[in-house]
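Accompanying notes for the structure given below.
These numbers were taken from a predicted model, which means no experiment stands behind them.
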Amino acid sequence: MSADNSRPDVLLPLRNLCNTVKCSRDRVRDGESNECSGTFSLSNFWEILSEAVKSASQEATKLSVMFSRPPMPSEADCGKIAESVQKSVLTLSTVYFWLPKSQGVALRKAVRDATAEVLDGLVQLLEVILSSPGESLSQEQLMTTGGVWAACDQFNQLPKDNRSVVLRVLTSYVGLVKDALEEMEQALAEAQDPFGDVLDDDDDEADGRGNQDTYWSESDRQLISQCQGLMKASGASLRKLSSAVRNNGKLDTDENIAQLDDLADAAKEISPSVDDLALSLYPPVDRSSVEVNVCKLVCVLKKVLEITRSSHVCAEADVSWVQFLSGAVEHNLEKIRSLLHDCVS
């Protein structure tokens, strides 16, 4: 009885620690950086952050080991490990807040997400330990401990400046648009009725497939072909922009760093817009939805190309591809509108 009554007091430091880590995690997710008035050294920041991450990983290991087998640690030991973990958590979150926005919003977001993931992993580990204190190491505790290690390890893979982060983001967008195009091409290359295998034979009309809601007509395919041209222009825009950022992106001024952020922010709308257009092209094709999604994608592409043209990543040699792709977007828009108008008339 006395042992049971003492348990809440023994675990109180861990409960308080769990609340502290949650608060730190939420503050990292929502808080603003502390803009520095003096010179900021990005290399020093990464060096100190790396040590803070390593410390958080080590403290998580100590915590997990302490609660890996009976008997449950004493109140004094719980208090000691809680204080040690809390110190590493506060150090990690404090170092993150040193990173000013002037170093790049994209960079700060990448570091923020990675930092929050470490803190979230610690919360999960603490909750597992608190749910079954004094028991042998469980699979869940093992997994949550590994989750903290994995979250800490990913810091080694993070790009170390805003140009590198933006380039990684743009490259991921290229892959997403490529996937959407390949899915559409695969569907077109398959049988006339792309959803035939979904329906049972009993659902077939007596004259074969009588329901035109399940396959593309010839006019649908002409429209899709032209929309594919717009989607390919989207992929080309992202590839050329990625190349321009890789070759010409600069970090020498706050303005150039901010321009990289603007490019990433504008380009993030391309892939979702391509997806929306692709989805509206599946049968039954709703031409009004196609037109809306085409106009949306065209607006996004024009914005990206305009921002690219006015940014420092657009060297004299890059002007020609910006102009070419702008013309390709307009050409595809006119062709698509013509097809849509012919279908209505």
Practice problem: Consider only side-chain heavy atoms of I, L, V, M, F, W and Y, link residues closer than 4.5 Å, and tell whether Val148 and Met143 are in one cluster. | Solution: no

Self-check item: Salt-bridge contact Asp220-Arg287 (side-chain N to carboxylate O under 4.0 Å)
Solution: yes

Exercise. Compute whether any side-chain donor of one residue and acceptor of the other, for Ser64 and Gln141, lie under 3.5 angstrom apart.
Key: yes

Exercise. Decide yes or no for His312 and Thr253: does some side-chain heavy atom of the first lie under 4.5 Å from some side-chain heavy atom of the second?
Key: no

Practice problem: Of all the heavy-atom pairs spanning Val313 and Gly249, show the shortest one and how long it is. | Solution: CG1-CA, 4.0 Å

Quiz item: What do the steps show when you test Lys303 against Glu306 for salt bridge (Lys or Arg N to Asp or Glu O under 4.0 Å), and what is the final call?
Solution: CA-CA 5 Å; Lys303 179 180 178 181; Glu306 286 171 3; over 6 Å; no

Practice problem: With the side chain counted from C-beta on, respond yes when Leu333 and Leu230 share a heavy-atom pair under 4.5 Å apart, and no when they do not. | Solution: no

Quiz item: Taking the six-membered ring of Phe97 as reference, does the NZ or CZ atom of Arg27 fall below 6.0 Å from its centre and within a 45° cone about the axis?
Solution: yes

Self-check item: Modelled atom types, side-chain donor and acceptor of Trp149 and Thr61, under 3.5 Å
Solution: yes

Quiz item: Do the non-hydrogen side-chain atoms of Asn162 and Gln103 ever get within less than 4.5 Å of each other?
Solution: no

Self-check item: Leu92 with Leu99, same ILVMFWY side-chain cluster at under 4.5 Å
Solution: yes

Quiz prompt | Short side-chain donor-acceptor distance under 3.5 Å, Ser280 and Asp276 | solution = no

Practice problem: Return yes when atom CD of Glu182 has more than 12 non-hydrogen atoms of other residues, nucleotides or ligands closer than 6.0 Å, and no otherwise. | Solution: yes

Quiz item: Does Glu59 pair with Lys62 as a salt bridge, N-O distance under 4.0 Å?
Solution: yes

Quiz item: Using 4.0 Å as the upper bound for N to carboxylate O, is an ion pair formed by Lys22 and Asp26?
Solution: no

Exercise. Side-chain contact test, heavy atoms from C-beta onward, threshold under 4.5 Å: evaluate it for Val85 versus Gln58 and give yes or no.
Key: no

Self-check item: Aromatic ring proximity Trp216/Tyr282, centre distance under 6.0 Å
Solution: yes

Quiz item: So, Lys296 and Glu269, do they make that salt bridge, N to O below 4.0 Å?
Solution: no

